[in-house]
Amino acid sequence: MSFDKTKITLPEMNRRSFLKSSAMLTMVGAASGSLLSRGAQAQPASKLTMSGSHWGVFRGRVDHGRLVEVIPWEHDPHPTPMLEGMMDSIYSPSRIKYPMVRRAWLEKGPGADPEGRGTGDFVRVSWDKAIDLVAGELTRVRKKYGSNGLFGGSYGWKSVGKFHNCRTLLRRMLKTTGGFVNSLGDYSTGAAQVILPHVVGSLEVYEQCTSWDVVRDNTKTLVFWGCNPVNTDQIGWLIADHGAFVGLEEVKKAGIRVICIDPIKTETCQYLNGEWLAPRPQTDVAMMLGIAHTLYAEKLHDEEFLKKYTVGFDKFLAYLIGKEDGTPKTAEWASKICGIDADIIKQLARDFAKNRTMIAAGWSIQRQHHGEQAHWMLVTLCSMLGQIGLPGGGFGFSYHYCSGGAPTATSPILGGITDGPAAPVTDLPAGCHPGSTESACQPKSNSIPVCRLVEALLHPGRTIKYNGSDIVLPEIHMVYWAGGNPFSHQQNRNEMVEAWKKLDTFVVHDFQWTASARHADIVLPVTTSYERNDIEQLGDYALSHIVPMKKLVEPMYEARSDFDIFSDICERLGKRDEYTDGMNEMDWIKSFYESARLESRAKGMEMPVFDTFWESEEALGFPVKEAQKQFVRYADFREDPLLNALGTPSGKIEIYSLNIEKMHYDDCPPHPTWMEPIERLDGPTTKYPLHIASNHPIYRLHSQLCGTKLREKYAIGGREPCWINPKDAEARGLKDGDIARAYNDRGQILVGIKVTDVIRPGVIRINEGGWYDPVNPREPNSLCRYGDVNNLTTSVSTSKLAQANCGQTAVVEIEKFTGTLPPVEVFDEPRKAG
Ligand code: PGD
Ligand code: PGD
């Protein structure tokens, strides 16, 4: 090789297999023993092809054109069992085979029989016809309603790969051919990513954390606050590196004290033998205030830190001690709300202050009504503790996501396909001409907060507040989705189904018959990433390798890549060359690699030429510097707060925000505040007795893989599982394996019962991502047979500040299902597809 092996390495061709262990690497195994895989078996080195996924790097064994084996990469410290499901996603019966159009739409035109969406009455059409229909409808809608009539925000996940990035490819097509309405923010951190720039001057939720090595060597108390990395670090937005599992193992070996604050005794808590504290869900801000009050009352807070690195503590203090509203936020006050004993709250304050404490927070605590307050209050609490910027102290908001805390390698950033040049101006105000520089003639930003699409469909023209600005919700007639599954991720399914009836046309690209595809008018079958070539980096934070993602098998049935489909649509609209830049799949992949090669040269490293890399069947590794292993978040700010000022107006941590004060929002005051959510367990106005924790699933990435054999590992009676505490189960006459109906005013679903004492009384767990399967789609509030939890959640937004989703806000009742069990149908092709 012509490159410096000491700096960049293609690992030795040592193809050991973890296949045997892959199936056994269950979460249960993780909870009881080592998280790292060992004892790999030797495998023959032939016919294996490398690729990558949200679940890790792997090699696929192909026999007579069929993928028969998936072997986790030998350098993966903790392969996930989800890789098994990945293989099945190619061959599962839920695969979309051909372009399909809803019969009423095809025969009677856009908007016909909107109640028929989801009934499965599809007609197969040729690709030519499908492309004509989509191109024609884009033209019709834009001509009649302008680009504001077309929503292309297409929020959601996709597959890994820098080229076949379907959401970006969709936006590129929509931009190239005219304008469209886009989306703002995301469902993961919708509230935190809007509030934290006001508080610490950056999104923070996606920033690197203090490294696991530093935690191991310095932290005395490690708190997982609504945070379950053993589950959620199984996946990556890029290819998962699983570096967090190495960190967790080190923490365990070091014997660090671990406290888990969570209504569920999580896999992380069990693995690390943590102390489990189970507050009422949605009451974390009150509990944090109780700790903060104790710190202040017992003079344990760090005045020096507050003075030097923060602004607004005095105003917050008036609230904390009750000067502002007459209610001191004592541990006793907090205890009544959160259900944790006041003495425990006080002891937490003392322990946190006296020991080096790292608080690792997950994101469920902000996916709730008034979710902005949780992370703001957590930063405030850590500011009072004064350990931010010290080794092993402060907070970390991404330890549970894509292995935050795994040290970052010195590697080039691998570029990817972009959404192209700025959108042509199609909706100019009257009297303006294209290219005008007058401010009144600038195109309006037509983006809406990501979870407000349903509100826009139901209330076009309504003005909503958003982070200091006003947004007029557009009148949308056509929705286009490629990547993401809105009939899984959006809250209040029945409201959404009603809203969708307002649409003329809904187009979906996917490779499986998700509920979104079933509710579409035009469904286009795409390839999985195992049926095409691509390239990707390993580890969102680690960025340790560049991985060749080589095609394993030919496309199934008539599936085509999103890129090819969009290229054809652009051709119909006279824009093919602008869209493709005259390049094909391999040209693009090579161009990304070559740019990275140039960048790496500037960093003093020499990557091999593309062909060598591509043919090597190996991931290209980059070095990790010692400084990265010793990374401490906010150390530079602590060292010199003037030189390394934060991106806030004051350059400091803002415990009180003048910018938020100016917004005058009644649901987001200018300092962290406890506010009752619209509903919660034992809340003052709550109608139903059980809270649902709609956590992220152990064996799925949201709804991805739900349509595969992996379901056999967790489904109960063929339904999505529902964890329930023995006390709550007994009170309702429920036992393991029963099928039950969970319901509230918004919807009803069937679930399979799992009785377990790792969940707090009063709370049930039904994971998000179960496929929506209404018994009769034409009937309002139809029973969902499989168990899509978003039938039960509320679509209210967090506040006027972030307008984010509240997936974790829902209370329900549950009862044994005694009727005739309707069969689950959602995992097969729609009934009348053909
Ligand atoms: P996924 O199941 O990942 O869910 O919602 P999201 O919509 O992201 O959907 C990805 C879809 O893209 C799948 O249908 C997959 O088949 C498809 N896909 C994959 N690769 C390709 C490709 O190459 N081309 C095309 N065209 N399609 C492809 C997730 C969202 O749910 C998120 S991120 C969060 S954090 C929220 N979490 C919760 C929650 O905690 N609680 C509740 N109640 N609700 C939530 N909803 C949110
Ligand atoms: P959740 O599972 O929703 O994960 O990361 P996030 O941290 O949001 O919640 C984490 C923990 O919070 C759970 O143990 C839950 O019991 C607890 N919890 C729920 N409500 C409360 C509460 O009110 N208070 C407290 N203290 N705890 C509470 C999600 C992240 O995971 C995201 S956004 C994505 S997109 C990825 N999704 C997946 C996935 O779908 N599947 C897996 N296996 N891994 C993922 N990783 C990522």
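Note that ligands are numbered from 1 as they come in the structure, with each ligand's atoms numbered from 1 the same way. Please read all numbers here as calculations on a predicted model, not as lab measurements.
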[X] and [Y] aromatic centres sub-6.0 Å:
X	Y	result
H519	Y772	yes
F397	H375	yes
H489	H702	no
W771	F487	no
F827	Y786	yes

Which label fits Y401 and W363: parallel for a plane angle under 30°, tilted from 30 to 60°, or perpendicular past 60°?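 The arrangement is tilted - the two ring planes meet at 30° to 60°.
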
In terms of the angle between their ring planes, are H242 and F245 parallel, tilted or perpendicular, with boundaries placed at 30° and 60°?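 Judged by the thresholds at 30° and 60°, the geometry between H242 and F245 is perpendicular.
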
So if I count the atoms of ligand 2 from 1 in the order they appear, which ones are less than 4.0 Å from some heavy atom of [X]?
X	value
W225	26 (N)
G362	7 (O)
Q234	43 (N)
D284	22 (C), 23 (O), 24 (N), 25 (C), 26 (N)
Q282	22 (C), 23 (O)
T266	14 (O)
N231	42 (C), 43 (N), 44 (N)

**Q.** From CD1 (I195) to OG1 (T189), nearest 0.5 Å
**A.**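 The OG1 atom of T189 is 13.0 Å from CD1 of I195, to the nearest 0.5 Å.
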
#### Entry: Reported OG-to-CH2 distance for the pair S188 and W157, which is rounded to 0.5 angstrom
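One finds 7.0 Å between OG of S188 and CH2 of W157.
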
- Between I261 and ligand 2, is there a nitrogen or oxygen pair with a distance under 3.5 Å?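 Right, the criterion is met.
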
May I ask whether M82 has any heavy atom positioned less than 4.0 angstrom from an atom of ligand 2?
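M82 counts as a contact of ligand 2 under the 4.0 Å cut-off.
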
For ligand 1, run through the N/O pairs with the protein that fall under 3.5 Å and put one pair on each line.
unit_1: ligand 1; atom_1: 2 (O); unit_2: S703; atom_2: N; d: 2.8
unit_1: ligand 1; atom_1: 2 (O); unit_2: S703; atom_2: OG; d: 2.4
unit_1: ligand 1; atom_1: 2 (O); unit_2: Q704; atom_2: N; d: 3.3
unit_1: ligand 1; atom_1: 3 (O); unit_2: Q704; atom_2: NE2; d: 2.8
unit_1: ligand 1; atom_1: 5 (O); unit_2: H489; atom_2: ND1; d: 3.4
unit_1: ligand 1; atom_1: 7 (O); unit_2: N485; atom_2: N; d: 2.7
unit_1: ligand 1; atom_1: 7 (O); unit_2: H489; atom_2: ND1; d: 2.7
unit_1: ligand 1; atom_1: 8 (O); unit_2: W157; atom_2: N; d: 2.6
unit_1: ligand 1; atom_1: 12 (O); unit_2: G484; atom_2: N; d: 3.1
unit_1: ligand 1; atom_1: 14 (O); unit_2: D510; atom_2: OD2; d: 2.7
unit_1: ligand 1; atom_1: 16 (O); unit_2: D510; atom_2: OD1; d: 2.7
unit_1: ligand 1; atom_1: 16 (O); unit_2: D510; atom_2: OD2; d: 3.4
unit_1: ligand 1; atom_1: 16 (O); unit_2: Q512; atom_2: NE2; d: 2.8
unit_1: ligand 1; atom_1: 20 (N); unit_2: S159; atom_2: N; d: 3.3
unit_1: ligand 1; atom_1: 20 (N); unit_2: S159; atom_2: OG; d: 2.6
unit_1: ligand 1; atom_1: 23 (O); unit_2: R532; atom_2: NH1; d: 3.3
unit_1: ligand 1; atom_1: 23 (O); unit_2: R532; atom_2: NH2; d: 2.8
unit_1: ligand 1; atom_1: 24 (N); unit_2: D562; atom_2: OD2; d: 2.8
unit_1: ligand 1; atom_1: 26 (N); unit_2: H509; atom_2: O; d: 3.0
unit_1: ligand 1; atom_1: 26 (N); unit_2: D562; atom_2: OD1; d: 3.1
unit_1: ligand 1; atom_1: 37 (N); unit_2: H696; atom_2: NE2; d: 3.3
unit_1: ligand 1; atom_1: 40 (O); unit_2: R367; atom_2: NH1; d: 3.0
unit_1: ligand 1; atom_1: 40 (O); unit_2: S694; atom_2: O; d: 3.3
unit_1: ligand 1; atom_1: 40 (O); unit_2: H696; atom_2: NE2; d: 3.0
unit_1: ligand 1; atom_1: 41 (N); unit_2: S694; atom_2: O; d: 3.3
unit_1: ligand 1; atom_1: 41 (N); unit_2: S694; atom_2: OG; d: 3.1
unit_1: ligand 1; atom_1: 43 (N); unit_2: S694; atom_2: OG; d: 3.0
unit_1: ligand 1; atom_1: 43 (N); unit_2: N790; atom_2: OD1; d: 2.8
unit_1: ligand 1; atom_1: 43 (N); unit_2: G807; atom_2: O; d: 3.2
unit_1: ligand 1; atom_1: 44 (N); unit_2: Q491; atom_2: NE2; d: 3.0
unit_1: ligand 1; atom_1: 44 (N); unit_2: N790; atom_2: ND2; d: 3.2
unit_1: ligand 1; atom_1: 46 (N); unit_2: H489; atom_2: O; d: 3.1

- With backbone taken as N, CA, C and O and side chain as the heavy atoms from C-beta onward, which portion of Y699 lies under 4.0 Å from ligand 2: side chain, backbone, both, or neither?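 It is neither part, as no heavy atom is under 4.0 Å.
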
Note to self: So which atom in P81 and which in L710 form the shortest heavy-atom distance, rounded to 0.1 Å?
What the structure shows: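 Of all heavy-atom pairs spanning P81 and L710, the closest is O-CD1, 3.8 Å.
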
Handout entry: Qualifying residue for ring-ring contact (aromatic ring centres under 6.0 Å, His included) with F151, from W481, F180, Y480, W500
Key =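 That would be W481; it is the only one of W481, F180, Y480, W500 passing the ring-ring contact (aromatic ring centres under 6.0 Å, His included) with F151.
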
